[in-house]
Amino acid sequence: MRIRLALGGGGVRGFFHLGLLRALDEAGARVTALSGSSAGALAAAVYAFGLPLRPEPILEATRDPELLRLAKSGKLQSGLLFLRSLRRPALADPERYRQGLTRLFGDARVEDARVPLRIAAADLATGELVVLDRGPVVDAVLASGSIPGIFPPKPLGSRLLVDGDVAEKVPVSAVADLGAGPLVAVDVSNPGPIAPPRNSLETALAAGEASRRRLKELALDRADLVVRIPLEAPIDTFDLERAHEVYELGRREGERLLARLPRRRLFGWFGKAKQRKR
């Protein structure tokens, strides 16, 4: 059973990807190509380099006490975040994250992954999608996860790169010409806002989010199948206390995904994939 995956961003909700990949791996599914953005880039790289598909090593490598403190205090969702960010380049120092990623991947390079891997970032100047398919894994994952305002932009060549979610939250286009099997997009976005905005800041944030949701749906339309994280209420981006819960959701949805991929249909998709490559 072969499959291609595009993994979207979502902070701690990215542990959903890890659980889904664990379920696919245990079932003997063969992932023939991977793309990832932000948290999805980290999960994709973990799989592509054969690291353990468990939450604990990732939590140990990515835990940032300052971000945890801000998330628990609610400051990440308030105007205080904006006022504080005016006095410094970014809220978080990426060096702690870099050190954790280096413990995971060492000096591994994207082009040496056991599975074809593409990591999505965005050009801060143009907003265009930048697909990283070579170079140090640590640099690629850092660039893809450079959330504007939280982490500083990542210089790479002549570009300043930021979170891949800015360009394509679920990077379907990055993996469309790779591998064989159905292309499955995995969206770990929070559910949309239910209550109307209460002030001008919430209105501005809601408008930006509506635009991103529209762009995301256009990307998802190009996938063969879409898997969404089943949430009734939002999970904060940095709420690492929910990591294991999200991981188990991913394992269950991975099992459901396998049931949605009967072998008869898979052969049909293989044929289409081969025709596109010729």
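Each residue takes its place number in the sequence, starting with 1.
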Specify the closest pair of heavy atoms between A45 and V141, including all atoms of both residues, with the distance to one decimal. CB-CG2, 4.3 Å
Answer whether the closest heavy-atom distance between the side chains of K169 and S37 falls below 4.5 Å. no
Flag, side chain of T32 to backbone of A180, donor-acceptor distance under 3.5 Å: yes
All heavy atoms of G11 vs all of A39, minimum pair found to be O-CB, 3.4 Å
Can you see which heavy atom on R4 is nearest to which on V175, and at what distance? NH1-O, 3.6 Å
To the nearest 0.5 Å, how far apart are CZ in F16 and CD in E245? 12.0 Å
Between E26 and R251, is there a side-chain N and carboxylate O pair less than 4.0 Å apart? yes
Quick test of your reading of the model: are R214 and E217 salt-bridged, counting only N-O distances below 4.0 Å? no
Is a side-chain donor or acceptor of E168 paired with a backbone partner of S173 at a separation under 3.5 angstrom? yes
Crowded around D221 CG? As in, over 12 foreign heavy atoms under 6.0 Å? yes
From I229 CD1 over to S189 OG, what is the distance, rounded to the nearest 0.5 angstrom? 9.0 Å
Between L132 and V110, does the side chain to side chain contact (heavy atoms under 4.5 Å, CB included) criterion hold? Intermediate values first, please. CA-CA 8 Å; L132 304 171; V110 177; 5.6 Å; no
Do R22 and E253 meet the salt-bridge criterion of a basic N to acidic O distance under 4.0 Å? no
Between D177 and R118, is there a side-chain N and carboxylate O pair less than 4.0 Å apart? yes
For G8, does its backbone N or O pair with a side-chain atom of H17 as donor and acceptor, under 3.5 Å? yes
Heavy-atom check, side chain of V188 versus side chain of L7, under 4.5 Å: no
Note: R13 and I235 closest approach over all heavy atoms is NH1-O, 2.7 Å
Does any non-hydrogen side-chain atom of L240 lie less than 4.5 Å from one of L59? yes
With the 4.5 Å side-chain cut-off for hydrophobic clustering, are V130 and L215 part of the same group? no
Between E248 and R242, does at least one N-O distance fall below 4.0 Å, as a salt bridge requires? no
Taking the side chain as every heavy atom from C-beta outward, state whether D133 and E111 have any atom pair closer than 4.5 Å. no
I want to check something: taking the side chain as every heavy atom from C-beta on, are Y47 and R114 in contact at a cut-off of under 4.5 Å? yes
Under 3.5 Å, is there a donor-acceptor pair between the side chain of S144 and the main chain of A120? yes
Remaining members of L124's ILVMFWY cluster at a side-chain heavy-atom cut-off under 4.5 Å? L160, V162, V166
Tracing side-chain links under 4.5 Å among I, L, V, M, F, W and Y, which residues wind up in one group with L129? V131
Under a 3.5 Å cutoff, is there a donor and acceptor pairing between the side chains of S38 and D163? yes
Measure the acute angle between the ring planes of F49 and F105, then classify it against the limits of 30° and 60° as parallel, tilted or perpendicular. perpendicular
In the single-linkage hydrophobic clustering (I, L, V, M, F, W, Y; side-chain heavy atoms under 4.5 Å), do L231 and V12 co-cluster? yes
Is there a side-chain contact between Y247 and L20 (heavy atoms, below 4.5 Å)? no
Measuring from atom CD1 of I150 to atom OH of Y97, what distance do you get when rounded to the nearest 0.5 angstrom? 13.0 Å
Are more than 12 heavy atoms from other residues, nucleotides or ligands located less than 6.0 Å from atom CZ of R30? no
Hey, quick one: are V226 and L183 part of the same hydrophobic cluster, counting side-chain heavy atoms closer than 4.5 Å, chains of contacts allowed? yes
What one should report as the nearest heavy-atom pair of L104 and L51 is O-CD1, 3.7 Å
Is the shortest side-chain heavy-atom distance between V170 and V186 below 4.5 Å? no
As an exercise, state the distance from CG of D123 to CZ of R159, rounded to the nearest 0.5 Å. 4.5 Å
Distance from L34 atom CG to L178 atom CG, nearest 0.5 Å? 9.5 Å
Which heavy-atom pair separates A223 from V172 by the least distance, and what is that distance? N-CG1, 4.2 Å
Would you mind checking if D165 and K216 are paired as a salt bridge, meaning a charged N to carboxylate O distance below 4.0 Å? no
Is any side-chain heavy atom of L42 closer than 4.5 Å to one of L18? no
